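Some notes on the structure that comes next.
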Amino acid sequence: MRTFAIAASIAALALGLAGPASAQSPIIIKFSHVVATETPKGKAAEKFKELAEKYTAGKVKVEVYPNSTLYKDKEELEALQLGSVQMLAPSNSKFGPLGIREFEVFDLPYILPDLKTLRKVTDGPLGTRLLKLLDAKGITGLAYWDNGFKQMSANKKLVTPADYQGVKFRIQSSRVLQAQFKALSSLPQVMAFSEVYQALQTGVVDGQENTWSNIYTQKMHEVQKYITETNHGYIGYVVIVNKKFWDDLPADIRDQLTKAMKEATEFGNAQSQKENDDALAEIKKSGKSEIIKLTAEQSEAMRKAMEPVYKDAAGRIGQPLIDEFLKEAKSTTN
Ligand code: LMR
């Protein structure tokens, strides 16, 4: 009797391991990301976990792995496609290595005046169409999550476009971001987010661009003398899930998870601005970095210096996509 029970449980275990993740009980969703928990993405992921487990009455367990503890940028996308993790939220700038460059439209300098404008684009037809592009890669796009606007940091004062000449900047894996720094005669270098702090500390790179919340939670301000408040670009995320895992879920579970995702998205996007404002206040309070504000003329000079990026991007992602984005963005401000 006892032998039978052991044999049965071994068989069940083997089945569980061999079968699809969606057939396990509870269903485990491994959600890997690269930022700290105390960030817009980190908090939205925790909210999703809370709601997903509540709405499915424990049938789903969400394991959130923050701060690149499970995978770094490039690895996490590969792990998702292989089914080693089920859910991620990479920034729009990180889909290029998958062969999808269209999300880089969000990287164009000064394309978004504010988060309200962004929302119309992500919630509109273009946002939906971009998510559909992921299907061909075995990925389902579920939502857009905000972080916020990027600032420039370095160990030298960055005020005019000429100040950027020859400065080594860490960038995310986006061709638009590469073109942006080339337009400024800087030297861009693609690097995983988890390596930025050390690269700044040891001088492998001189500077980087990021949101206040990422700068603060990674302590970049402790190894950068200056941060220039440029708000020149945007960082936001696409929440993605392994398509086969998602499609194989029982329909009622998928519905509950969709509801949890919708509410976690509303929660996260409603507080992203505050997260960044609070991080800025903390950085100021620390006194570790000098924060440089630009005049309207200086901002305009930066915008002009980065203008060639649009032409460069059109060659890769297409002018129609850029035009459509600008049209949807404009329609919101009227
Ligand atoms: C970065 O790599 O700088 C950011 O995309 C990190 C993140 O996920 O916010």
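These figures come from a predicted structure and were not determined experimentally. Quick note: numbers below take in every heavy atom, side chains included, and nothing from hydrogens, waters or symmetry partners. Throughout, numbering of the chain's residues begins at 1 and tracks the sequence.
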Is [X] reaching over with its side chain to a backbone N or O of [Y], donor-acceptor style, under 3.5 angstrom?
| X | Y | result |
| --- | --- | --- |
| Asn147 | Thr211 | no |
| Ser84 | Leu80 | no |
| Ser186 | Lys182 | no |
| Asp163 | Val159 | yes |
| Thr202 | Gln198 | yes |
| Gln81 | Glu78 | no |
| Asp312 | Pro308 | no |
| Arg254 | Trp246 | yes |
| Glu229 | Lys293 | no |
| Lys41 | Ala89 | yes |

Table please: side-chain donor-acceptor pairs of residues 263-271 below 3.5 Å, with sequence neighbours left out.
residue : atom : partner : partner atom : Å
Glu263  : OE1  : Tyr55   : OH           : 2.5
Glu263  : OE2  : Tyr55   : OH           : 3.3
Thr265  : OG1  : Trp145  : NE1          : 2.9
Thr265  : OG1  : Met261  : O            : 2.6
Glu266  : OE2  : Lys262  : NZ           : 3.1
Asn269  : OD1  : Asp146  : N            : 2.8
Asn269  : ND2  : Tyr144  : O            : 3.2

Cationic N near anionic O, under 4.0 Å, [X] to [Y]:
| X | Y | result |
| --- | --- | --- |
| Arg129 | Glu324 | yes |
| Glu46 | Lys49 | no |
| Lys274 | Asp278 | yes |
| Glu290 | Lys157 | yes |
| Lys219 | Glu222 | no |
| Glu328 | Lys120 | no |
| Lys244 | Asp248 | yes |

Other ILVMFWY residues reachable from Leu187 by side-chain steps of under 4.5 Å: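 Answer for Leu187: none, a lone residue.
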Can a side-chain donor-acceptor contact be found between [Y] and [X] if the only test is distance below 3.5 angstrom?
| X | Y | value |
| --- | --- | --- |
| Gln319 | Asp323 | yes |
| Gln218 | Asn67 | yes |
| Asn231 | Gln151 | yes |
| Ser153 | Gln208 | yes |
| His232 | Glu209 | yes |
| Tyr237 | Asn92 | no |

Side chain proximity check, [X] to [Y], heavy atoms < 4.5 angstrom:
| X | Y | value |
| --- | --- | --- |
| Gln189 | Ile171 | no |
| Tyr71 | Val34 | no |
| Pro109 | Arg303 | no |
| Asn276 | Tyr216 | no |
| Glu76 | Leu70 | no |
| Thr56 | Ile27 | no |
| Phe245 | Val85 | no |
| Pro90 | Asp73 | no |

So which atom in [X] and which in [Y] form the shortest heavy-atom distance, rounded to 0.1 Å?
| X | Y | answer |
| --- | --- | --- |
| Phe193 | Met220 | CE1-CE, 3.8 Å |
| Ala52 | Val62 | CB-CG2, 3.9 Å |
| Ser194 | Lys72 | OG-CD, 3.1 Å |
| Thr217 | Ala36 | CB-CB, 3.7 Å |

Within 6.0 Å of CD in Gln165, more than 12 heavy atoms from elsewhere: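 For Gln165, atom CD is not crowded (no more than 12 foreign heavy atoms under 6.0 Å).
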Neighbour count >12 (heavy atoms, 6.0 Å) for atom CZ, Arg175: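 Not buried by this count: 12 neighbours or fewer within 6.0 Å.
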Candidate pair Asp255 and Thr258, rule side chain to side chain donor-acceptor pair (under 3.5 Å), full reasoning: CA-CA 5 Å; Asp255 287 351; Thr258 303; 5.1 Å; no
Whether Phe103 and Phe106 hold their rings parallel, tilted or perpendicular, with breakpoints at 30° and 60°: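 Parallel.
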Step-by-step salt bridge (Lys or Arg N to Asp or Glu O under 4.0 Å) determination, Glu38 to Lys43: CA-CA 6 Å; Glu38 297 298 307; Lys43 289 195 174 174; 3.6 Å; yes
Aromatic ring proximity, centroids under 6.0 angstrom, His33 and Tyr65: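 Judged by ring-centre distance (under 6.0 Å), Tyr65 and His33 do not meet the cut-off.
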Approximate separation, where rounding is to 0.5 Å, of Gln256 CD and Glu53 CD: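 Answer for the CD-CD pair, Gln256 versus Glu53, is 13.5 Å.
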Listed partners of Phe181 passing ring pair (Phe, Tyr, Trp, His ring centres under 6.0 Å), at least two apart: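 With neighbours one apart ignored, the set is Phe169.
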